Every structure is written in structure tokens, then in C-alpha cells.
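Report on the following structure.
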There are 2 protein chains.
Amino acid sequence: MRKESSTNFENQQTLTDFCNASKTLMLISGRWKLSLLFSLLEHNSRTFSDFKQIVPAISDRILALQLKQLTEDSLIAKQKRENFMFYTLTEKGKSLKDILVNLAKWQTNLE
Amino acid sequence: MRKESSTNFENQQTLTDFCNASKTLMLISGRWKLSLLFSLLEHNSRTFSDFKQIVPAISDRILALQLKQLTEDSLIAKQKRENFMFYTLTEKGKSLKDILVNLAKWQTNLE
DNA sequence: CGCATGACTAACAATTTTGTAAGCAGTCCC
DNA sequence: GGGACTGCTTACAAAATTGTTAGTCATGCG
């Protein structure tokens, strides 16, 4: 999916080396990622289908992709319970809470 | 540049309606935007060429594009002084400071 | 068994973002 | 008046992200 020889890729590297905030930003950019994280902040534990109901516009593929990336970045974890897969926030994921809340609050304060 | 009839575009709408944090996130996502903002937090006032020196890998086109978007979103403003264009943070831009610093700090705390 | 549901994946297409190369108007300086 | 620099823009190309459609495999249930 990534082409590790592109200028684009190299620049991304340069950027994250240069600016720590960009690293954090990369973890949470991606369509619907914030929605998924917020819904986990509220409910602690969700299944694939739960997410689809919360964000009906999302397609299976994209949902799976976002969940995969969040999992790879250790912000969420998945585990099986009673034959269902449950997604939950990891400690790392929970530690993002203030940042997420502030992102929302900043926008709200503008209005 | 945008195709206002695509699912992609509609979903972006849905998303920002649904999740305030996503609105904020959109303003600061874009390659090098954080770097540009941080450099303005430090130095208050910069020219186009200054930015090019700070982030040598950036191309003219992309720099101009990012600056334009930041300007359209009113995070920065540009004005002419002594035949040079200077970019500065607006009040709105300055009010992002805590968020930006926290994004960086969160990453740093991980290490 | 036959069908429904949950949690995905594969193949492909559309859209968006980012990068390259070249050029251009305005100002300064010799 | 010829360069050189600043601050862009245009036309084009490459790469990344997002969306569509159609499956797959496992489990549960009447």
C-alpha cells in the first residue's frame, strides 16, 4: 500500500522526525477514526457491527481498515469474548482522551 | 479541486457534522501545516522564503497551498510590509497553541 | 441441512493529496 | 537594461486514501 521509495513517503519521514506533533496527528488522522475513538471513550467496548450502526455511512472495508490501523498503532485492542470480537481502548488510547476532548472543545468554543 | 458530488465529499460533511473534533482536525491536517504553525508560534512573523528554509523539502506549490488553506481557515494572515509578504498567526491560530503543544507533548511522553 | 448474521477480505475504481517542472510579474541592484 | 530574488501560478504526473461490489469463512438457529 505504501511505496517506500517515493518523495511522498520520504517527506512523511522527514516531517515526523522534525515535528513530534505530526506523529501524534498521524495516528488519529484517517476517516472516521475520531468517531470510533470517541465512541469507545463512551462505551468502553464495541463490536464491528456496533460501529456500523453508529456510523452508518462507513463502508465495511474502510471500517476494517481504520480499526486495523488503530490496532497496529496500539490505540485500541481487539479480543474475542463469547464468540464475538470486541474492540476496546488500550491505555495508550485512553491517554489520548484529553487531546480528543480538547479538539472538540476548541471547535465548540468557536460557535 | 473538490468534487462536491462524490461520496467522499458527502462523507466528509457527515463526519464533521457528527464529530466536532474532526472539524478541528481538518484545519491542521495537511502536510507541513503543523511545522508551519509551530514556526509561527516561535517567531511570530515569517515570509514565504523563511518557510522554505525551515522546511527545505517542501515544494513551492505545496507550501503555497498549505499557506492558502491556513489563511482561508483564518489560522494565519498575510500582509505586506516593506514590499515583503509576512505571514502571522491570527487570534484563532494562536488559540490552537495548547492543542498543538499537547500533540507534541503526548508523543514525547511516550518515549 | 439451509439460511442468517458477524467480521471480515479481494479486486477494482473514483477521488484527493502530494510532488515536479517550468514559468511569470514585481522589485531591487549594479 | 540584465540579472537575481521573492512570491507565487499553471499544467502535468505520481501516489495515497477512500468507496463499491462481491465475495469468504465461521458460528448459531429453526
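The shown structure was predicted, so the numbers you read here are calculated from the model rather than taken from an experiment. When reading the values below, keep in mind they use all heavy atoms of this one structure, side chains included, and skip hydrogens, waters and symmetry mates.
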(message) Which residues pass the side-chain hydrogen bond (donor to acceptor under 3.5 Å, both in side chains) test with T108(B), not counting sequence neighbours?
(response)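 Partners of T108(B) by the side-chain hydrogen bond (donor to acceptor under 3.5 Å, both in side chains) criterion, ordered by chain and then number, come out as N20(A).
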
(request) With sequence neighbours left out, write down each residue that passes side-chain hydrogen bond (donor to acceptor under 3.5 Å, both in side chains) with S49(B), or none if nothing qualifies. (result)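 Listed in chain order: nothing, the list is empty.
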
(request) Would you classify Y87(A) as touching base, sugar-phosphate or nothing, given that sugar-phosphate means primed atoms plus P, OP1 and OP2, and contacts are heavy atoms under 4.0 Å? (result)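 Sugar-phosphate, backbone atoms only, no base.
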
(request) Report which part of the nucleic acid D60(A) touches: base, sugar-phosphate, or nothing (heavy-atom distance under 4.0 Å, all strands). (result)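 Base contact - D60(A) has a heavy atom under 4.0 Å of at least one base atom.
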
(request) For dT6(D), take OP1 and OP2 only and decide whether either is under 4.0 Å from a side-chain N or O of N83(B). (result)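 It does not, given that no N or O in the side chain of N83(B) lies less than 4.0 Å from OP1 or OP2 of dT6(D).
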
(message) So, OP1 or OP2 of dT17(C): does either fall under 4.0 Å of a side-chain N or O from Q69(B)?
(response)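 No, no such contact exists.
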
Which atom pairs, donor and acceptor, lie under 3.5 Å between side-chain atoms of residues 79-88 of chain B and protein residues at least two apart or in another chain?
none

(request) State which residues pass salt bridge (Lys or Arg N to Asp or Glu O under 4.0 Å) with K105(A); sequence neighbours excluded, sorted by chain then number. (result)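 With sequence neighbours excluded, K105(A) shows a salt bridge (Lys or Arg N to Asp or Glu O under 4.0 Å) to no residue whatsoever.
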
(message) Reading DNA chain D from 5' onward, which residue's closest nucleotide shows up sooner: T7(B) or E82(A)?
(response)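 Looking at DNA chain D, the more 5' nearest nucleotide goes with T7(B).
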
(request) Could you say whether E4(A) or A64(B) is positioned toward the 5' end of DNA chain D, judged by the nucleotide with the nearest heavy atom to each? (result)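 Its nucleotide being nearer the 5' end, the pick is A64(B).
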
(request) Would you please name every residue forming a side-chain contact (heavy atoms from CB on, under 4.5 Å) with D50(A), sequence neighbours left out? (result)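 With neighbours one apart ignored, the set is R46(A), T47(A).
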
(request) Please report, rounded to the nearest Å, how far the C1' atom of dT18(C) is from the CD atom of Q66(B). (result)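 Whole-Å distance recorded here is 9 Å.
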
(request) Take atom CG of N11(B) and atom C1' of dA14(C), then tell me their distance rounded to the nearest Å. (result)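 So the CG-C1' distance, N11(B) to dA14(C), works out to 13 Å.
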
(message) Short of 4.0 Å, heavy atom to strand atom, which residues of residues 33-58 of chain A count as contacting DNA chain C?
(response)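 By residue number: T47(A), F48(A), S49(A).
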
(message) The side chain of M85(A) is closest to which nucleotide in this list: dC8(C), dT15(C), dA21(C)?
(response)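 That would be dC8(C).
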
(message) Does R61(A) contact dT9(C) through a side-chain donor or acceptor facing the base, at a distance under 3.5 Å?
(response)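 By the distance-only test, no, there is no pair.
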
